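The next block holds one structure in the form of structure tokens; read it before the comments.
All figures in this text were calculated on a predicted structure; none of them were measured in a lab. Numbered from 1 within each chain, the chains take letters A, B, ... in sequence-line order.
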Amino acid sequence: MYNSKISELFNEIADMLDLEGDARSFEARAYRKAALVIGSLQEDVGDILKNKGIDGLTELPGVGKTLAERIKEYVETGKIKKYEDLKKQYPIDFDSLTKIQGLGAKRVFKLYKALGVKNVDDLRKALENHKIRGIEGFGEKSEEEIKKGLDFFFSTGGRMLIGTALPEAESIVRKIEASGLAQKVTIAGSTRRMRETVGDLDILIVSSKSDKMMDFVAGLDEVENIVVKGPTKTTVMLKIGLTCDFRVVEKESFGSALQYFTGNKEHNVQLRQIAIKQGYKLNEYGIFDKADRRVAGSDEKEVYAKLGMDYIEPEMREARGEIELAQQHRLPKLVTINDIRGDLHVHTTHTDGLNTLDEMVQKAVSLGYDYVGISDHTKSEYVAGGMNDKQFVSYFKEIDELQKRVGDSIKVLKSGEIDILKDGSLDLSNKTLEMMDYRLCAVHTNINMSKEQMTNRIIKAFESGYVDILAHPTDRLINERAGIQLDFDRLFQSAADNGVVLEINASPGRLDLNDELILKASQYKVKFIIGTDSHKVEHMDFMRYGIGMARRGWLEKKDIINAGDIKSLLKALNR
DNA sequence: GCCGTTTTCGGCCCGACTGTTTTCAGTCG
């Protein structure tokens, strides 16, 4: 697992190169770009190196011969000489210090030269003694700003789940709409792209009363304090511990501004480069020709069209090849939430759910679903009240009775979330498994096995012929647990060979598989389901997060079996 | 240091806001 460390080292190298003068700023940029690419890569660079050698590394965008060598050097020796050399000259913890709002490499270096600040502890002491305000280029305000940044640095734990961020953003949008000050309001940024976690919120507003609008957002109940406030841009810290940027633009610029603030950054950089090649300038105000006339801008689709490409859905804008596909008019037609016909991962009070079978089924009816699959835990999950074979039999009887009561309004499918045990066997008898409409299986225990053992364990279960769906394949919990070790190539190949469908678990804390693994699994021609893993009725609304992940993984309706009617669903499950 | 629909050399995205400036550097996204 080298990605995060190498990304960190490359960023620090970039920080130090920035201090070497303008001549090296492009070199610094190259390191930063590579750091970004490597940092957001699912596959480990160590594995890439092992499997494909140095050529596998240079295939990564932004990684050329030199940086590939540096990665190899780190994987093999645990060190990068260039980094060590620079570090002798700049013995400073840039990684932490530059994370503090308002501090970049240059100001950090000034603090080091003037006060010997090497890390956040030194910085805190310097702040306590009010030493910062005297340094050239720093004043009282800077000192306060840095203090606030430092407090925030110690108080937050990184990025927030989309499941928390999106509802917050939607609530703010509703308030702005109700204010009557805005003609248009929309969510942009990584929230619009449905990333699994977001670092801040971006809200774009069209308003003819820009000043009043900025006052309004600065005064929202959700706001803890104001970070910056100008006539068109305001940044606030929200009480939930997330910063939020508000931008006001003219309606002529709405499309290009939405495009720009949706990102991601690399996608935008590529778009601007394409604009330049075509003789245009692209910024958040529009596309401008040589005579500085706006040729597009009010509509986002128009911006893409003007650059000679099809409209790219926000979830795909990650600079993963979508721009090339858009230019060739070969983009996939992404699945939408309206395509979903049922939910196959639902718990009830029979195990650790908080709502009854009836209540969960009624919720499915209210969502307009054609079918719902009930999948409570098996006995190995004793903390969740998992059931044994006998209990499952009476559970199925209850489902039959319920089906009679609800009639044709919905089809209720019998299943279970069956533990794949340590030895690869399943937690129920074959007889019980055969009574199910489909079998949703998952790893919950002994999660610390080696990559090879864990992969063998799951493949053995696949080969039993009783696994229809592998639920939350990596068993990760975002921001809490990394997940089990797996050889994904072998796993996905085996899923394809054995007709096992992979779950995209829509629970916001899981989102498993995530976008990168979906893209990887797709290469093996596997099918997917999106399941909410609901433990109460409200959880069934999590489907949209799973849809977000599926769309980020470029999936179409045909790839997702619960986007099909009951007939095609059962056909896909019964091999 | 990367990269190629003008290229193996010579470019490299672009603008808002702030503080401390006296015209701009630094930071951020």
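Using a 4.0 Å heavy-atom criterion, one finds that A/Glu145 contacts no nucleic acid atom at all. A/Arg24 comes within 4.0 angstrom of no nucleic acid atom, judged by non-hydrogen atoms across all strands. Counting non-hydrogen atoms under 4.0 angstrom, A/Lys33 reaches nothing in the nucleic acid. Residue A/Arg70 is classed as a sugar-phosphate contact, given heavy-atom separations below 4.0 Å to backbone atoms only. Counting non-hydrogen atoms under 4.0 angstrom, A/Lys141 reaches the backbone sugars and phosphates but no base. Residue-level contact check: A/Ser25 touches neither bases nor backbone, having no heavy atom under 4.0 Å from any strand. Across all strands shown, A/Glu136 has no heavy atoms under 4.0 Å from either base or sugar-phosphate atoms. Residue contacts for A/Leu282: at a heavy-atom cut-off of 4.0 Å it reaches the sugar-phosphate backbone alone, with no base atom in range. When heavy atoms are screened at a 4.0 angstrom cut-off, A/Leu17 is found touching no nucleic acid atom at all. No contact: A/Phe261 has no heavy atom under 4.0 Å from any strand. Residue-level contact check: A/Ile100 touches the backbone only, with heavy atoms under 4.0 Å from sugar-phosphate atoms and none from bases. Residue contacts shown for A/Gln327 are absent, as no nucleic acid heavy atom lies under 4.0 Å away.
Under the 30°/60° scheme for interplanar angles, the aromatic rings of A/Tyr2 and A/Tyr74 are found to stand perpendicular. Note on ring orientation: taking the six-membered ring where Trp is involved, the planes of A/Tyr90 and A/Phe94 are perpendicular (angle over 60°, cut-offs 30° and 60°).
Going from atom CG of A/Asp18 over to atom P of B/dA25 covers 15 Å, rounded to whole Å. Regarding A/Tyr31, its OH atom lies at a distance of 13 Å from the P atom of B/dC3, rounded to whole Å. Atom CD in A/Glu140 sits about 18 Å away from atom P in B/dT18, given to the nearest Å. One atom, CZ of A/Arg32, and another, C1' of B/dC12, lie 14 Å apart when rounded to the nearest Å. When rounded to the nearest whole Å, the span between OH of A/Tyr260 and C1' of B/dA16 equals 9 Å. Spacing between atom CG of A/Leu204 and atom P of B/dG15 amounts to 17 Å, rounded to whole angstrom units. Taking atom CD of A/Glu143 as the reference point, atom P of B/dG19 lies 14 Å away to the nearest angstrom. Distance NZ (A/Lys229) to P (B/dC28): 22 Å, rounded to an integer number of Å.
In this structure B/dT8 sits in no base pair that meets the Watson-Crick or G-U test at under 3.5 Å.
The residue among A/Lys99 and A/Val269 whose nearest nucleotide of DNA chain B lies closer to the 5′ end is A/Val269. Looking at which nucleotide of DNA chain B each of A/Gly102 and A/Gln273 is closest to, the 5′-most match is held by A/Gln273.
Salt bridge A/Lys520/A/Asp489: present, at least one basic N to carboxylate O contact under 4.0 Å. With respect to the salt-bridge test (charged N to carboxylate O, under 4.0 angstrom), the residues A/Lys52 and A/Asp47 do not qualify.
Side-chain contact of A/Ser142 with A/Arg107: a donor-acceptor pair under 3.5 Å is present, judged by distance alone. Between A/Ser253 and A/Arg294, the side chains place a donor N or O and an acceptor N or O closer than 3.5 Å (distance only, hydrogens not considered).
For A/Arg107, no side-chain nitrogen or oxygen approaches OP1 or OP2 of B/dG19 to under 4.0 Å. Taking only side-chain nitrogens and oxygens, A/Tyr280 never comes nearer than 4.0 Å to OP1 or OP2 of B/dC14. Residue A/Lys106 has a polar side-chain atom (N or O) positioned under 4.0 Å from OP1 or OP2 of B/dG26. Note on A/Ser142: every side-chain N or O is 4.0 Å or more away from OP1 and OP2 of B/dT18. A close approach under 4.0 Å does occur between a side-chain nitrogen or oxygen of A/Thr66 and OP1 or OP2 of B/dC2. Of the side-chain N and O atoms in A/Thr235, none sit less than 4.0 angstrom from OP1 or OP2 of B/dC28. Close to B/dG15, at under 4.0 Å from its OP1 or OP2, lies a side-chain N or O of A/Lys281.
Nearest nucleotide to the A/Lys277 side chain, out of B/dT6, B/dG29, B/dG1: B/dT6. Of the candidates B/dG29, B/dC14, B/dT20, B/dC14 carries the atom nearest the A/Asn283 side chain, counting heavy atoms from C-beta on. Each of B/dC14, B/dC17, B/dG1 was ranked by its minimum atom distance to the side chain of A/Lys82; first place goes to B/dG1. Side-chain proximity of A/Val228 to the nucleotides B/dA16, B/dT18, B/dG29 is greatest for B/dT18. Listed nucleotides B/dC17, B/dG1, B/dG19 differ in distance to A/Glu27; the shortest reach to its side chain belongs to B/dG1.
The side-chain ring of A/Phe26 is not stacked on the base of B/dC2, judged by centre separation under 5.5 angstrom and plane angle under 30 degrees.
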For this session: Assess whether salt bridge (Lys or Arg N to Asp or Glu O under 4.0 Å) is satisfied between A/Arg247 and A/Glu284, documenting all intermediate values.
Result: CA-CA 11 Å; A/Arg247 288 288 293 254; A/Glu284 55 261 56; 3.4 Å; yes

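With its glycosidic angle more than 90° from 0, B/dT21 is assigned anti.
For the salt bridge (charged side-chain N to carboxylate O under 4.0 Å, His left out) with A/Glu313, the qualifying choice from A/Arg193, A/Arg552, A/Arg551 is A/Arg551, the only one to do so.
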